[in-house]
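Every value quoted in this text rests on a predicted model; they were computed, and no experiment measured them. Along the sequence shown, residues carry numbers from 1.
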Amino acid sequence: MTVHLRPLRIAAHVELVSLIAMLANLATAHLGPISSLMGPTHGCAYLFVVIAVWRPASATATTKAVAVVPGVGGLLALRRLHRLRVTGHPTKDLRPAPRAKRRPTPVVWPARGGRERGRGRR
C-alpha cells in the first residue's frame, strides 16, 4: 500500500502556521476572532497529523511519538517518513558520505649544527 505524504505535509504546515498565529495573537492584541479561527484550525490540523502518521505500517514507534509534539511534530514525523521511504531507514542521512580529508605533508626541518630539533642547549 502506497502512502502519500502530500496531505500530511499540508497539514503539518497548517498546524505550525496556526500555532505561530495563535501565539502571536496571544502575545500582542489577543483578538477574540483570531483565537476563534486559529484554535479549531490548529486542533483539526494537529489531529489530522497524528492520525496520518499513525496509519502507515512503516511508521516506527519513534515517528509516531514525534508526531504527538504540537507545532513541529508533524514536520519532524514527515521528515522521518520521507527518509524511511528514500533510504529504508528513518534516521539515515540523505547526504553522501563526506570524503576523507587529506593530511598535510609533514614539514621536516633540517637539523641545526648537528642537534636534534626539540632539544635545548646543553
Name every donor-acceptor pair, under 3.5 Å, that has one atom in a side chain of residues 38-53 and the other anywhere in the protein, sequence neighbours excluded.
unit_1, atom_1, unit_2, atom_2, d
Thr41, OG1, Leu37, O, 2.7
His42, ND1, Glu15, O, 3.2
His42, ND1, Ser18, OG, 3.2
Tyr46, OH, Val68, O, 2.7

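- Ile34 contributes atom CD1, which lies 12.0 Å from atom CE of Met22 (distance to the nearest 0.5 angstrom).
- In this structure, Ile20 is a member of the same hydrophobic cluster as Val72, with clusters built from ILVMFWY side-chain heavy atoms closer than 4.5 Å.
- The two residues Ser35 and Asn25 make their nearest non-hydrogen contact at OG-ND2, 3.0 Å.
- Val69 is not listed as a side-chain neighbour of Leu76, based on a closest heavy-atom distance of 4.5 Å or more.
- We find the CZ-CG distance between Arg9 and Leu81 to be 10.5 Å, quoted to the nearest 0.5 Å.
- The two atoms that bring Ala77 and Val66 nearest to each other are N-CG1, 3.8 Å, heavy atoms only.
- Take Thr62 and apply the side-chain hydrogen bond (donor to acceptor under 3.5 Å, both in side chains) test, not counting sequence neighbours, and it matches no residue.
- Using a 4.5 Å cut-off between side-chain heavy atoms of Ile, Leu, Val, Met, Phe, Trp and Tyr, with links allowed through other members, Leu16 and Val14 fall into different hydrophobic clusters.
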